Amino acid sequence: MEIRVLRYFVEAAREASMTRAAQKLHVTQPTLSKQIKELEEELGQTLFVRGNYRIHLTPEGEILYKRALDILKMVDLTALEFASMNDFNGGDIHLGCAESDGVALLAKAAKQLQEEYKNLHFHLYSGNAETVCARLDKGLLDFAVVVQNVDLSKYAYLDLKVADTWGLIMRKDSPMVSKESVALEDLTELPLIVSRQGATNEMPEWLQANYPRLNIVATYDLIFNASILVKEGLGYALGLDKLVNTSAESILCFRPIRPVISSPLRLIWRKEQHFSRAASIYLEKVREICV
C-alpha cells in the first residue's frame with residue numbers, strides 16, 4: 001500500500017468524484033481510477049460505490065478513510081521533523097488540551113519560546129481525556145493536557161502544579177445563588193448538565209459513585225455550550241471554574257462544591273515517545289516554569 005495511492009484515495013473520498021479529484025491531484029481520471037481499483041484489489045474490498053455523477057464510500061471505505069488520514073498525518077509530521085533537524089530554528093508542536101484555566105501555564109511557555117524561535121508553531125486539539133489520549137496514542141500529538149487521573153501505565157507525565165475546582169455554573173437568579181458553596185448532597189436535587197463522558201475518570205470519585213442518583217437533564221462536550229443551556233434556564237452545569245464568563249456583567253455565576261473537589265492538571269506523553277527538537281525544548285521550558 002503506497003502513500004501516494006492513499007493520498008489519491010483520500011482526495012477521491014473528499015471530492016466524491018474521480019474527475020474532480022484527478023483535477024486537484026494533477027493526474028488523468030483514468031490513471032486515478034486505475035490506482036483506486038488496484039488498491040481495492042490489494043485490500044480485497046470495494047471502497048467506493050460508483051454512481052453516474054458521484055461516488056461515495058462503502059463501510060469498508062469509511063474504515064480505510066479514517067486510517068488513511070492518521071497515516072498521512074504521521075507521514076507529514078515525520079517529514080517536517082526530519083526537515084528541521086539540520087538547521088533548527090523552530091518547528092511544530094501538537095498539543096491535546098482539556099478545557100482548563102491551567103492551560104495558561106502552557107501558553108506562557110509557548111510565548112517564551114516563540115521569543116527565541118520565531119518559527120515555532122503550536123497546534124492545539126481540544127477535547128476530553130478520551131479523545132486527546134486516543135490521538136496521543138496514535139502519535140498525532142506530542143503531548144496531552146488532562147484533568148483528573150488517566151491510566152498512567154503507558155504515559156510519562158509532568159504535574160503542572162495547578163488544579164481546577166469543581167462546582168456549578170448557574171444563573172444569578174437561581175435559588176442556589178445565595179449559597180457560597182454547594183453541598184455534594186444538594187446535587188441530587190438539582191437538574192444537572194454534565195460532561196457527556198458521565199461516570200468516567202473525568203469526574204471526581206463521589207460524582208462517579210453517585211451518578212445514578214443525579215438528575216441529568218443534558219450532557220455536553222464543551223462547557224461554553226453548556227453555559228448557553230444554563231442561560232436559558234435548562235439547569236445547572238457541573239464543571240470547572242474559570243472556563244466561562246461569570247463576571248459582574250454576566251448573568252451566570254459559579255459556586256464551588258463543598259467539600260472542595262479539585263482536579264490536578266498533568267502534561268502527559270507516551271513513554272516510548274521520541275521527541276522532535278521542538279517538542280524537547282518545549283518540555284524543558286514547561287519543566288522550568290513548573291519548578
Side-chain angles (χ1 to χ4, degrees), residues 1 3 6-7 9-10 13-14 43 47 57-81 91-103 105-107 110 121-160 164 194-205 207-208 211 219-226 238-240 243 263-276 278-280 282-283 286:
M1 189 184 306
I3 298 299
L6 281 182
R7 293 192 191 279
F9 165 74
V10 167
R14 284 174 175 163
L43 296 175
L47 301 175
L57 291 168
T58 63
E60 295 78 13
E62 292 281 0
I63 293 172
L64 180 61
Y65 181 72
K66 293 176 182 177
R67 298 281 176 84
L69 290 178
D70 288 343
I71 292 169
L72 294 176
K73 181 68 173 178
M74 278 297 300
V75 169
D76 293 340
L77 288 174
T78 302
L80 287 171
E81 181 178 340
D92 293 273
I93 298 171
H94 299 262
L95 282 164
C97 296
E99 288 188 292
S100 170
D101 182 63
V103 173
L105 183 151
L106 301 176
H121 304 286
F122 294 85
H123 307 278
L124 301 184
Y125 177 88
S126 297
N128 56 55
E130 180 181 358
T131 57
V132 297
C133 286
R135 292 181 69 86
L136 184 65
D137 294 344
K138 293 177 180 178
L140 300 176
L141 299 173
D142 296 304
F143 306 100
V145 182
V146 293
V147 179
Q148 281 296 103
N149 294 320
V150 297
D151 179 8
L152 295 175
S153 61
K154 59 182 177 181
Y155 300 116
Y157 67 93
L158 174 66
D159 282 316
L160 298 180
D164 289 308
V194 304
S195 170
R196 191 181 307 280
Q197 283 64 50
T200 69
N201 58 7
E202 290 263 319
M203 295 177 66
E205 184 177 347
L207 296 170
Q208 294 181 49
Y211 192 80
T219 60
Y220 68 86
D221 289 322
L222 299 174
I223 192 66
F224 175 78
N225 291 335
L238 178 63
L240 303 175
L243 295 181
S263 294
L265 206 66
R266 291 191 177 99
L267 185 71
I268 65 172
W269 59 94
R270 290 174 298 147
K271 284 185 176 179
E272 74 279 9
Q273 182 96 352
H274 295 287
F275 286 131
S276 65
S280 293
Y282 182 69
L283 181 56
V286 174

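Note that the numbering runs from 1 along the sequence shown for the chain. This structure is a prediction, so every number in the text was calculated from the model and none was measured.
- Within the model, atoms CG of L136 and CG of L95 stand 10.0 Å from one another, a figure rounded to the nearest 0.5 Å.
- Under the 4.5 Å side-chain criterion, counting only non-hydrogen atoms from C-beta, R7 is in contact with V75.
- Distance check: I71 CD1 to D76 CG gives 12.0 Å after rounding to the nearest 0.5 Å.
- For the residue pair A278 and I93, the shortest heavy atom distance occurs at O-CD1, 3.5 Å.
- Residues G102 and D164 come closest through the heavy atom pair N-OD1, 4.3 Å.
- Distance check, rounded to the nearest 0.5 Å: CG of L222 to OG of S195 gives 9.5 Å.
- Here CG of L64 is found 6.0 Å from CE of M1. Values are rounded to the nearest 0.5 Å.
- Between F275 and F143, the gap from one ring centroid to the other is short of 6.0 Å.
- Counting heavy atoms from C-beta outward, L240 and E99 have side chains that stay 4.5 Å or more apart.
- With sequence neighbours excluded, no residue satisfies salt bridge (Lys or Arg N to Asp or Glu O under 4.0 Å) with R67.
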Step-by-step side-chain contact (heavy atoms from CB on, under 4.5 Å) determination, Y125 to L140: CA-CA 10 Å; Y125 177 88; L140 300 176; over 6 Å; no
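- Considering all non-hydrogen atoms of both residues, K271 and Y155 come closest at CE-O, 3.2 Å.
- Between atom CG of residue L43 and atom CD of residue E60 there is a gap of 10.5 Å, rounded to the nearest 0.5 Å.
- Contact annotation: the side chain of F122 never approaches that of L106 to less than 4.5 Å [non-hydrogen atoms, C-beta and beyond].
- Taken from CG in L105 to CG in L267, the straight-line distance is 9.5 Å, to the nearest 0.5 Å.
- Here the closest non-hydrogen pair linking Y220 and G239 is OH-CA, 3.8 Å.
- A heavy-atom distance below 4.5 Å is not found between the side chains of L69 and K73.
- Ring orientation note: the planes of Y65 and F9 are nearly perpendicular, at an angle over 60° on the 30°/60° scale.
- C133 is not listed as a side-chain neighbour of D151, based on a closest heavy-atom distance of 4.5 Å or more.
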Should V132 and V145 be marked as a side-chain contact (heavy atoms from CB on, under 4.5 Å) after you check the CA-CA gap, both sets of side-chain angles, and the distance that decides it? CA-CA 8 Å; V132 297; V145 182; over 6 Å; no
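- Evaluation of the salt bridge (Lys or Arg N to Asp or Glu O under 4.0 Å) test over residues 131-147, restricted to residues two or more places apart or in two chains, returns D70-K138, D137-K154.
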